[in-house]
Amino acid sequence: MIEEKKTKAQRDEQRRRDEQKDRRSMAVYSAIAALVVIAAVILMFWNSGILQRSMTALNINGVKYTAADLQYCYNNIYSEYANQYAFNPNASVKGQIYDQETGKTWFDYLKEETVSTLTEQTALVSLANAEGHTLSEASQAQLNSTLTQLNSSWVSYSFASRDAFIKTNFGPHMTYDRLVELMTQGYLAGDYANAKLDAITHSDADYDAYYQEHTNELDTIVYTQFTFQAQPPVTDEAGNTIEMTDEEKAAALEELKPQQKALAEEVKAKLEAGAEPEALAEEYGDQIYSTALSRRTTASNASYSSYADWLLDPARRAGDITLAENDTGSACYYYVSVFEDRLRDEEATHNVRHLLVRAGSASASETPTQEEYDQAEDEAAQLLQEWKSGEATESSFAALVSANSDDTGSAQNGGLISNITPTSSYVEAFLNWSTDPARREGDTDLVKTEYGWHIMYYVSTGDPVWRQTVGAALKDQDYEQLTSDAVQGWNITQGMGMNFLAP
């Protein structure tokens with residue numbers, strides 16, 4: 001009997017343990033299930049964009065911006081630097097170093113620029129509203145044109161909807177209404193700033209003083225350069241890719257170097273013997289990788305040259321010649337350079353208006369046919385004749401441009417392009433016409449370029465290069481002072497939404 005009771009007691013105890021174990025298991029499973037549900041809800045909220053559109057990422061003196069707002073601004077700044085090849089756009093900017101000394105990445109820098117840009121914009125809008133400043137007629141027209149393009153571009157780019165176009169180009173959590181608000185804010189800030197800066201005048205003494213203080217950056221360097229390149233071929237005669245290991249590429253490069261260096265030394269010797277650069281450019285023809293005769297560049301731009309120390313040496317004199325080498329690893333370049341002058345550039349700048357009649361497709365990859373060029377020329381000639389038959393004034397030309405030009409970038413302001421110099425990066429025919437010393441105000445002509453036919457109108461000769469450059473620098477200083485004063489005493493804080501900013 002005693003043994004039987006003990007066994008029953010043991011069985012009861014075991015049953016209680018099993019029940020406790022089951023309850024613990026159920027609790028664990030319930031907890032796991034709850035976590036799965038919570039994770040699913042978080043994912044749902046994340047994908048919906050509610051967090052990115054509602055959680056504060058930046059608070060600028062009481063004006064709150066979400067992660068979606070910052071993403072829009074960040075994307076614009078990213079594109080500007082990417083277009084300048086400041087970093088590799090095919091790799092994450094989080095892994096690309098901006099400052100070697102501090103270890104700051106490009107993502108860190110672009111994020112700082114985003115915060116700075118939004119802060120300045122917010123400050124300018126605050127001032128504009130306080131002073132009752134509204135968009136000028138020109139800025140309102142530009143904004144209207146931008147919004148019109150926004151509402152039609154999604155069709156021409158084959159997007160399923162306007163919202164799909166916006167999410168792809170302005171951030172996955174951006175809405176149309178918020179985008180319009182941000183664009184309008186940007187136009188108002190810019191319009192207000194320009195109105196304030198245009199009201200500021202600087203004396204001739206201000207210009208001279210600034211130039212003297214920054215002469216090492218602003219002086220124009222004039223020099224001639226012959227470039228010889230040693231680089232292993234990447235394709236064969238049939239156009240097939242040549243497969244080589246890194247070691248094979250390095251060996252091939254070493255074999256090519258002596259020949260190109262010998263050519264460079266040969267040209268240098270002939271220059272030292274008195275040969276004319278123009279004659280050498282013709283004599284060596286396609287043996288030269290590139291030729292720049294009497295190139296003009298600012299000293300600040302010249303500082304990026306592989307032989308900048310030689311080029312910018314104060315002791316440099318006209319006729320000095322050097323041979324410099326730059327081995328990039330995949331290619332080696334030999335530069336033969338002739339120093340010509342260092343000066344304050346008195347070359348005049350030029351202001352023109354133009355109307356583009358595009359030849360053929362808008363695609364840059366498709367070369368227009370002769371028939372398409374002829375059609376564009378006929379249309380351009382008719383438009384020019386239409387203008388000549390009317391008032392034939394600059395304002396009527398600007399109106400003609402706004403209504404007909406295929407260059408949407410300049411059509412908004414009547415085709416005006418200012419401060420053109422012989423070193424500006426416009427297509428050759430356009431540049432040559434614009435900078436011709438014989439050009440007079442009111443001159444018109446038809447000019448053919450790779451894009452089609454341009455109806456040209458010469459507006460005026462502007463300030464010399466040095467003065468125009470200094471004017472832009474002084475304006476930058478004025479802008480910095482304007483925004484610095486505007487944010488004095490402001491409180492700027494970052495919120496949790498900043499973590500949602502995507503690189």
Side-chain angles (χ1 to χ4, degrees), residues 135-158 162 165 183 187 190-191 194 349-420 424-436 439-462:
L135 281 176
S136 64
E137 184 177 337
S139 291
Q140 186 63 59
Q142 290 180 12
L143 174 59
N144 292 342
S145 176
T146 299
L147 295 179
T148 298
Q149 292 180 41
L150 177 66
N151 283 287
S152 60
S153 294
W154 67 272
V155 176
S156 57
Y157 285 99
S158 302
R162 183 185 66 187
F165 175 80
M183 285 184 170
Y187 272 93
D191 190 75
N194 285 332
T349 55
H350 306 269
N351 307 309
V352 304
R353 293 185 186 272
H354 85 115
L355 186 159
L356 171 64
V357 178
R358 190 180 296 279
S361 169
S363 173
S365 61
E366 298 179 15
T367 303
T369 63
Q370 186 57 50
E371 182 181 0
E372 290 171 332
Y373 272 123
D374 292 343
Q375 290 174 350
E377 183 180 16
D378 289 342
E379 183 180 345
Q382 291 174 12
L383 286 170
L384 179 57
Q385 186 57 47
E386 176 186 326
W387 173 77
K388 288 181 176 179
S389 300
E391 296 178 0
T393 61
E394 182 184 347
S395 59
S396 67
F397 188 89
L400 184 76
V401 174
S402 297
N404 296 279
S405 182
D406 290 325
D407 180 6
T408 56
S410 66
Q412 297 176 4
N413 65 342
L416 181 64
I417 298 179
S418 304
N419 301 318
I420 303 172
S424 297
S425 57
Y426 298 105
V427 291
E428 186 175 5
F430 181 100
L431 186 62
N432 289 343
W433 190 91
S434 301
T435 59
D436 187 339
R439 198 64 57 222
R440 296 293 178 268
E441 292 183 13
D443 284 356
T444 58
D445 206 348
L446 297 181
V447 173
K448 180 183 178 182
T449 71
E450 61 194 79
Y451 301 106
W453 282 86
H454 303 254
I455 308 176
M456 305 295 299
Y457 180 96
Y458 191 80
V459 177
S460 63
T461 299

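Values below: all heavy atoms of this structure, side chains included; hydrogens, waters and symmetry mates excluded. Residues: numbered from 1 along the sequence shown.
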So how far is it from [X] [atom1] to [Y] [atom2], rounded to the nearest 0.5 Å?
X: E379; Y: E386; atom1: CD; atom2: CD; answer: 10.5 Å
X: W453; Y: D445; atom1: CH2; atom2: CG; answer: 8.5 Å
X: Q370; Y: E377; atom1: CD; atom2: CD; answer: 8.5 Å
X: Y157; Y: S152; atom1: OH; atom2: OG; answer: 10.0 Å
X: T367; Y: E372; atom1: OG1; atom2: CD; answer: 10.0 Å
X: H354; Y: Y426; atom1: NE2; atom2: OH; answer: 8.5 Å

Nearest atoms (heavy-atom pairs only) where [X] meets [Y]:
X: T444; Y: W387; answer: CG2-CZ3, 3.7 Å
X: E450; Y: Y373; answer: O-OH, 3.2 Å
X: F397; Y: I455; answer: CZ-O, 3.5 Å
X: S139; Y: D191; answer: OG-OD1, 2.5 Å
X: V401; Y: G415; answer: CG1-N, 3.5 Å
X: P368; Y: A359; answer: CG-O, 3.3 Å

Any side-chain heavy atom of [X] within less than 4.5 Å of one from [Y]?
X: T146; Y: Y187; result: yes
X: N419; Y: N351; result: yes
X: F165; Y: S153; result: yes

Is a side-chain N or O of [X] found less than 3.5 angstrom from the main chain of [Y], in a donor-acceptor match?
X: S402; Y: A411; result: yes
X: S405; Y: L356; result: yes
X: T449; Y: Y451; result: yes
X: D436; Y: N432; result: no

Quick one: list whatever passes salt bridge (Lys or Arg N to Asp or Glu O under 4.0 Å) with D406, sequence neighbours left out.
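Result, salt bridge (Lys or Arg N to Asp or Glu O under 4.0 Å) vs D406: none returned.
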Counterpart residues, salt bridge (Lys or Arg N to Asp or Glu O under 4.0 Å), relative to D443 (two or more places apart):
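Residues passing salt bridge (Lys or Arg N to Asp or Glu O under 4.0 Å) with D443: R439.
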With no hydrogens and no angle check, do the side chains of Q140 and N144 hold a donor and an acceptor under 3.5 Å apart?
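The answer is yes; a qualifying pair exists.
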Enumerate the salt bridge (charged side-chain N to carboxylate O under 4.0 Å, His left out) contacts for residues 391-400, please, sequence neighbours excluded, ordered by first and then second residue.
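Of all non-adjacent pairs touching residues 391-400, those that pass salt bridge (charged side-chain N to carboxylate O under 4.0 Å, His left out) are R353-E394.
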Candidate pair H350 and Y458, rule side chain to side chain contact (heavy atoms under 4.5 Å, CB included), full reasoning
CA-CA 8 Å; H350 306 269; Y458 191 80; 2.7 Å; yes
Yes or no on side chain to side chain contact (heavy atoms under 4.5 Å, CB included) for V352 and F430, after CA distance, side-chain angles and deciding distance?
CA-CA 10 Å; V352 304; F430 181 100; 4.0 Å; yes
